[in-house]
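The next block holds one structure in the form of structure tokens; read it before the comments.
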Amino acid sequence: MSKKLLGLTLLLIAVMVLPSIAIYPVQAQNAPSGKIVVWGWKAAMTDTMVASGVVDDFKAEYPDVEVEIVEYAPGDVYVNFPLALTAGETDPDVVLIESSHLSEIVALGGLLDLTEKVSPYIEQVNAYRWPDATLDGKIYAMPWDSGPVVMYYRRDVFEKAGLPTEPDQVGELVATWDGYLDVCRTIKEKTGLYCFAHNKANNYGRLYEMVLWEQGLGYYDADTGEITIDSEENIRTLEMLGQFWKEDLVSDNLEWTDPWYAEFASLDQPVATLIEASWMEIFLKSWIAPGTEGLWGVTRMPAGPYGGARAANDGGSTLVINGKTDNPDAAWAFIEFTLARRESQLKLFAISGFIPALETTYDDPLFQEPDPFFAGQATRKVYAEVVAEIPTATVYGPHYGEMNGAVSFAIQQYAAGMSAEEALTEAADEIRYGLE
Amino acid sequence: MAEHTVENIPAAPAKTGLLHEIMRNRWAYIFISPFFILFAIFQAFPVGYSVYISLFDWNGIGPMTYVGLKNYSFLLGPGGKAFQQSLQNGVILFVMYVPVMTLLAIVLAVLLNSKRVRGFRIYRTVLFMPYITSMIAAGITFQLLLQQDNGLFNVVLEELGGSPQAWLEDKWLARFSLCLLIVWGWLGYNMVIMLAGLQTIPHELTEAARIDGANAVQAFFHITIPLLRPVIVFSVILSTIGSFGLFNETQALFRSTRGAGPLRSTLTPLVYIYDQAFGRFRLGRAAAAGYIYFALIFVLTLIQLKYMGREEE
């Protein structure tokens with residue numbers, strides 16, 4: 001073998017070996033790769049997660065993971081995802097689930113156990129969010145945003161009624177439900193306007209559930225599982241809301257219908273207040289009532305008679321992983337990157353206003369920003385205050401759908417003239433028979 | 001088919017068992033088999049399997065727990081008020097719209113069938129159009145029309161001096177509104193069935209009656225209706241099944257209560273079953289409800305066939 005040939009051979013070997021040495025350490029990290037399919041609704045996925053750039057950030061950090069986002073309305077997720085689980089499908093890998101439906105999906109079985117994976121973040125997330133994600137001591141979901149409930153009010157209406165308009169003063173007036181009732185009476189008397197919207201015939205229990213929640217009440221006993229739908233506290237709470245109907249202080253508009261939107265957008269005939277979660281803010285601003293900038297204020301909801309806090313939850317969402325996923329590492333990497341990282345959550349928050357469940361974000365200056373839509377009030381500060389105080393309640397749970405259905409019917413019956421006790425007892429019995 | 005085989009194979013021996021017969025006609029059976037295979041997989045099997053499921057407590061994924069007839073006793077007992085209400089609603093809705101819709105369908109069909117109407121194809125198309133329109137789209141439109149505050153119905157009503165009605169907020173008005181949507185959507189379909197029936201009735205019969213001195217109304221009731229009876233029975237039976245199986249219409253009009261309507265006034269058996277199966281994941285209970293619902297429809301259909309379907313002596 002000539003020297004020349006030997007040299008060439010050595011060179012060839014070196015060329016072949018070197019790159020593999022160079023690449024080897026990168027592969028050793030065992031970075032997740034492959035494709036994950038994520039299901040969720042447009043407002044959260046496309047308009048928030050993609051639009052905020054968080055998905056692109058994820059792709060930059062995990063270049064080998066391909067993310068496919070499939071848009072489904074929430075209602076379709078809750079039908080199609082269980083069917084996919086039943087069929088043992090490996091897709092979708094990651095699914096967005098509202099807190100209200102989480103326990104039901106967890107109870108179905110078929111989700112990936114995330115107990116170990118979320119353990120570093122347990123203390124960093126709103127404590128009240130974990131029970132819904134937990135079954136038999138195992139955790140199956142990572143919370144995204146929370147739904148701290150506040151009272152939105154129209155400053156112009158309060159002014160017309162001769163009431164104070166600043167958030168602190170209004171907050172004092174509506175410190176209790178009795179105080180709120182007085183405020184509503186004054187508004188009706190002075191302006192002829194309705195205080196809030198509370199539909200009778202097609203009521204589906206949202207407001208009632210928020211009032212139960214702030215008092216730490218709910219549909220069942222957290223320890224014994226006993227049904228509390230017809231408890232003294234629940235009956236009195238419903239009657240307390242019924243008082244507003246009796247005195248004709250509330251409008252009959254059903255949530256998420258045109259007349260309901262019109263009430264918020266109206267300049268001369270608006271409804272005075274709205275008790276709803278913080279995610280309502282973006283809807284009010286962007287498409288329900290964009291023309292009412294500067295007319296709104298935010299304060300705490302009234303306190304219920306049975307204790308708890310002036311803080312409730314409505315909605316909020318989580319990400320879960322399909323137990324049959326063929327790529328659990330990439331799926332978890334996606335969830336951890338988007339929801340457990342402070343920077344990602346802040347980006348999501350900045351674009352959507354969805355309050356992160358991740359408490360490490362709350363010291364960010366974003367929470368102190370004054371908002372012209374609310375006449376310069378720093379509303380997010382209020383949300384962060386509220387979210388820290390939300391009590392644990394038993395409204396959501398493994399049979400939430402059934403309980404909400406029975407209770408909605410009871411509220412409708414009560415509104416139509418039946419006694420609250422009779423209506424709720426009937427609902428409780430229906431649930432008790434059904435769970436036997 | 002038998003005639004063919006006899007011709008083709010004249011020397012066939014007499015020992016023709018069923019299997020033998022099938023073998024001889026195997027190509028025919030192979031050609032019609034796709035339907036039966038699909039039928040077996042997607043219809044016959046689920047029908048049988050749901051009897052089995054109805055005896056279990058099952059969420060579709062987890063373990064199945066045998067509970068005997070508990071699902072049935074729950075549905076028919078004090079806990080099954082919602083289901084019982086749904087059966088009752090089926091009957092109420094049937095009474096509310098089927099007679100009106102059937103009569104309207106017959107009258108329109110007779111009008112279109114008479115030679116006097118010009119451009120009857122246009123009318124037929126226009127009347128049939130709602131049937132091919134998406135019921136969800138129509139339902140949402142109706143919901144807007146029926147809205148209490150600015151809905152067209154109330155605007156017109158007020159113009160005429162009436163007071164606005166809560167079309168979708170009251171138990172009976174909600175049912176009425178639902179019936180309105182159904183009649184709008186299904187009238188054309190029923191009319192076309194009637195029209196098809198009418199076209200088999202010879203004109204001479206009516207003409208003869210008219211010559212004998214019967215007026216148009218008499219001819220309608222004594223000639224047309226009796227001869228149309230089998231078609232009417234067919235259409236009424238379909239409507240019966242339809243009124244218990246209402247689904248899309250209720251979903252579009254009463255979204256907040258997932259089709260149940262104010263005070264469960266428009267909760268139909270099918271809405272209940274769907275909700276139990278795909279909303280609550282109680283597949284056993286849903287299957288049991290399906291069987292009770294089937295039994296009821298079956299009995300109602302038999303009764304209708306017996307009392308409406310018999311020929312005049």
Side-chain angles (χ1 to χ4, degrees), chain A residues 75-76 78-80 82-88 101 104-105 107-111 199-206 251-260 262-263 323 398-406 408-413 415-416 418 423 426-427 429-436, chain B residues 57-63 67 70-71 73-85 140 143-144 146-151 166-174 251 253-267 271-272 274-283 285:
Chain A
D76 296 334
Y78 307 137
V79 174
N80 293 344
L83 289 177
L85 287 175
T86 319
H101 287 72
E104 281 173 293
I105 305 275
L108 271 182
L111 296 184
N199 177 269
K200 287 183 174 177
N202 288 305
N203 194 298
Y204 57 102
R206 276 310 257 275
S251 82
D252 197 39
N253 290 329
L254 182 64
E255 290 102 315
W256 312 106
T257 59
D258 288 335
W260 190 69
E263 264 182 341
H399 303 290
Y400 172 68
E402 248 160 316
M403 293 181 178
N404 170 271
S408 299
F409 181 55
I411 298 173
Q412 294 162 15
Q413 298 219 77
M418 191 185 261
E426 223 176 72
D429 285 343
E430 191 176 309
I431 295 298
R432 287 193 189 105
Y433 283 117
L435 296 181
E436 247 171 32
Chain B
D57 196 1
W58 187 40
N59 68 15
I61 298 170
V67 293
K70 209 189 88 183
N71 286 325
S73 64
F74 167 81
L75 288 166
L76 298 172
K81 275 189 186 154
F83 178 63
Q84 293 151 25
Q85 174 77 55
I140 289 169
Q143 197 203 17
L144 294 174
L146 291 163
Q147 243 164 32
Q148 200 173 347
D149 282 350
N150 295 308
W167 296 105
L168 302 171
E169 305 278 313
D170 172 85
K171 212 169 164 169
W172 285 98
L173 281 177
Q251 300 297 316
L253 280 184
F254 305 101
R255 273 178 293 170
S256 76
T257 43
R258 289 187 294 251
L263 293 158
R264 289 180 181 162
S265 54
T266 62
L267 179 71
V271 172
Y272 180 85
Y274 176 82
D275 201 42
Q276 289 296 320
F278 301 107
R280 318 275 185 251
F281 314 116
R282 291 190 179 277
L283 296 185
R285 193 185 287 171

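Bear in mind the structure is a predicted one, so any value in this text is a computation, not a measurement. A, B, ... follow the sequence lines: proteins, then strands. Residue 1 opens every chain.
Both the backbone and the side chain of Asp252(A) come within contact range of chain B, judged by heavy atoms closer than 4.5 Å. For Leu254(A), the part lying under 4.5 angstrom from a heavy atom of chain B is the side chain only. Of the two parts of Phe83(B), neither the backbone nor the side chain holds a non-hydrogen atom closer than 4.5 Å to a non-hydrogen atom of chain A. At a 4.5 Å heavy-atom cutoff, Glu255(A) makes no contact with chain B through either its backbone or its side chain. Contact of Asp258(A) with chain B is made through backbone and side chain together, with heavy-atom distances under 4.5 Å. Residue Phe278(B) touches chain A through both its backbone and its side chain, counting heavy-atom pairs closer than 4.5 Å. Interface remark: Glu169(B) contributes backbone and side-chain atoms alike to the contact with chain A (heavy atom separation under 4.5 Å). Interface remark: Ala107(A) contributes backbone atoms only to the contact with chain B (heavy atom separation under 4.5 Å). The contact between Leu144(B) and chain A is made entirely by side chain atoms (from C-beta outward), counting heavy-atom distances below 4.5 Å. Looking at Ile431(A), there are no atoms closer than 4.5 Å to chain B (heavy atoms on both sides), in backbone or side chain. Interface remark: His101(A) contributes no atoms to any contact with chain B (heavy atom separation under 4.5 Å). In this structure, the portion of Tyr204(A) lying under 4.5 Å from any heavy atom of chain B is its side chain and not its backbone. Neither the backbone nor the side chain of Asp429(A) comes within contact range of chain B; no heavy atom of the residue lies under 4.5 Å from a heavy atom of that chain. Contacts between Lys171(B) and chain A at a heavy-atom distance below 4.5 Å are absent for every atom of the residue.
When all heavy atoms are compared, the tightest approach of Tyr78(A) to Phe281(B) is O-CZ, 3.7 Å. Closest approach of Arg264(B) and Ala406(A) over heavy atoms only: NH2-CA, 3.9 Å. Between Ile61(B) and Leu85(A), the shortest heavy-atom contact is CD1-CB, 3.5 Å.
At distances below 3.5 Å, at least one donor-acceptor pair connects side-chain atoms of Arg285(B) with backbone N or O atoms of Gly434(A).
Every residue meeting the side-chain hydrogen bond (donor to acceptor under 3.5 Å, both in side chains) condition with Gln143(B), not counting sequence neighbours, appears here in chain and number order: Arg255(B).
Options Leu263(B), Asn59(B), Asn71(B), Leu168(B) differ in how many heavy-atom pairs under 4.5 Å they form with chain A, and the most are formed by Leu263(B). Chosen from Ala415(A), Gly401(A), Ser408(A), the residue pairing most often with chain B at heavy-atom distances under 4.5 Å is Gly401(A). When the candidates Gly109(A), Ala262(A), Pro259(A) are compared by the number of heavy-atom contacts under 4.5 Å with chain B, Pro259(A) comes out ahead.
Considering CZ of Arg280(B) and CD of Glu104(A), their distance stands at 7.0 Å, rounded to 0.5 Å.
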Audit row: Arg282(B), Glu402(A), salt bridge (Lys or Arg N to Asp or Glu O under 4.0 Å) steps and yes/no: CA-CA 10 Å; Arg282(B) 291 190 179 277; Glu402(A) 248 160 316; 2.7 Å; yes
- Task: Mind running side-chain contact (heavy atoms from CB on, under 4.5 Å) on Phe409(A) and Leu267(B) for me, showing each step along the way?
- Result: CA-CA 11 Å; Phe409(A) 181 55; Leu267(B) 179 71; over 6 Å; no
